[in-house]
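Working notes for the structure below.
Here the structure is a predicted model, which means the values were calculated and not measured. Residue numbers begin at 1 in each chain, while the letters A, B, ... track the order of the sequences. All values below were derived from every heavy atom in this structure, side-chain atoms included, with hydrogens, water molecules and symmetry-related copies excluded.
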Amino acid sequence: MSVDAARASAALLAWYDRHARALPWRAPPGAATAADPYRVWLSEIMLQQTTVAAVIPYFERFTTRWPDVAALAAAEEGEIMAAWAGLGYYARARNLIACARAVAAAGGFPQEEEALRALPGIGRYTAAAIAAIAFGRRAVVADANVERVVARLFAIETPLPAARPTLYRHTDLLTPAARAGDFAQAMMDLGSRVCTVRAPLCLTCPLRPDCAAQKQGRPEDFPVKPPRRAKPRRLGIGYWLEAEDHVLLVRRPAKGLLGGMLGLPGGGWGAEAEPAPPAPADWRAIGAVEHVFTHFALTLRIEAARLPTRPIAGAWWPIARIGEAGLPTLFARAADLALAQTRTHSESA
DNA sequence: TATGCGTGGTC
DNA sequence: TGACCAAGCAT
């Protein structure tokens, strides 16, 4: 290949020294003091398949409320799940709790990639990122940004995911022994700000002299991706059952879609076991919520009813504080609909 | 290796 | 507006 790895990595680090994004979990380029491993770990988990803009407010809330891993490990699971609500991929929150408790029990984060990799929720990418960014270890950090940069740099024609081993080897060759953490973050910043999915800014790219895709005039053709399957549509029902200014919520099964989160009773739309419909009542259709998950689109019809008194059994949440329940977005929107509809209904009654 | 798993922004 | 995509992991 024609890429001079040492020249390319030096050019990238020089670019990073001038253009690094300031992020709440990040130490400045070349900082004498590395970033706090707890904050690096927390940010990396939150950033899995999630944009920086979406993560920042969650990161600020989590670190204010739980400033270190011991505090997070001591927190109640329900509190953490509620704080995670809206960020998505809720298995991350369950793994976050398990990981925090393991790390707190061990007295701190391991520094070796292999030991990090063994912790819940930490895979190949995240282990490498923490080892490099928090502990200065040389590690091959290859996320989607890095894969895109490297696929273009070398004009890799093999489609993903088959290209991953090749991309990983090329990333390894580019990764310097020193400043591995800065190098990883530089690659990701480049991928997010310059070597973008659409309309990359090749004129400002420090790797332009080396880039095979740019030489061919078709950077957007890389990485090559397989076609996607169409999303099926599903139909479900959610029950908004009120009693004495409270609403009935259920804790969903720990595994599966929205696992471990609070939601409305109902079902019919998932493969997981659904709770039985609540106590008999006169249900009134109040509309539907459209929601798109990763692998299917859902129409959730909402039916509402009111009981004169609140049954002893069940988890009843005060309607006035529904915003604090920690509902995932689907059910938060269903609650918004129910509140608007029941308010209108009360006024017209 | 393929599939399941959220949400919001972008064009 | 619908399709694509984002600092992936677990199974």
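- Across all strands, A129(A) comes closer than 4.0 Å to no nucleic acid atom at all (heavy-atom distances).
- Side chain of R92(A), nearest nucleotide from dG6(B), dC5(C), dT7(B): dG6(B).
- Residues T299(A) and R233(A) bring a donor and an acceptor atom of their side chains to less than 3.5 Å of each other.
- Contacts of V292(A) with the nucleic acid, taken as non-hydrogen atoms under 4.0 Å apart, include base atoms.
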Chi angles and distances behind the salt bridge (Lys or Arg N to Asp or Glu O under 4.0 Å) call for E112(A), R137(A): CA-CA 8 Å; E112(A) 304 292 342; R137(A) 305 299 178 94; 2.9 Å; yes

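- Residue contacts for W84(A): at a heavy-atom cut-off of 4.0 Å it reaches no nucleic acid atom on any strand shown.
- Among the protein residues, G86(A) comes within range of the sugar-phosphate backbone only, with heavy atoms under 4.0 Å from sugar or phosphate atoms but none that close to a base.
- The side chain of R229(A) lies closest to dG4(B), out of dT7(B), dG4(B), dA6(C).
- Nucleotides dC5(B) and dA7(C) have their P atoms positioned 23 Å apart, rounded to a whole Å.
- Among dC5(C), dA10(C), dA7(C), the nucleotide with an atom closest to any side-chain atom of K225(A) is dC5(C).
- Residue-level contact check: L23(A) touches the bases, meaning some heavy atom is under 4.0 Å from a base atom.
- Not less than 6.0 angstrom separates the ring centroid of F62(A) from the ring centroid of F59(A).
- In this structure, R94(A) does not reach the dA10(C) phosphate: none of its side-chain N or O atoms is under 4.0 Å from OP1 or OP2.
- Residue contacts shown for T329(A) are limited to sugar-phosphate atoms, with no base heavy atom under 4.0 Å away.
- Looking at heavy-atom distances under 4.0 Å, I45(A) makes no contact with the nucleic acid at all.
- Within the 4.0 Å cut-off from OP1 or OP2 of dG4(B), not a single side-chain nitrogen or oxygen of H295(A) is found.
- R148(A) and N145(A) share a donor-acceptor pair across their side chains, judged by distance under 3.5 Å alone.
- Closest to the side chain of L258(A), out of dG8(C), dG6(B), dT10(B), is dG6(B).
- Taking the six-membered ring where the residue is Trp, the centroids of F293(A) and H295(A) are separated by 6.0 Å or more.
- Within 4.0 Å (heavy atoms only), S43(A) reaches no atom of the nucleic acid at all.
- When the P atom is compared between dC4(C) and dT3(B), the two are found 16 Å apart, to the nearest whole Å.
- Rounded to a whole angstrom, the distance from the P atom of dA10(C) to that of dG8(B) is 24 Å.
- Remark: Q49(A) is in phosphate contact with dG8(C), judged by side-chain N or O atoms under 4.0 Å from OP1 or OP2.
- Nearest nucleotide to the side chain of Y90(A), out of dA2(B), dG6(B), dA6(C): dG6(B).
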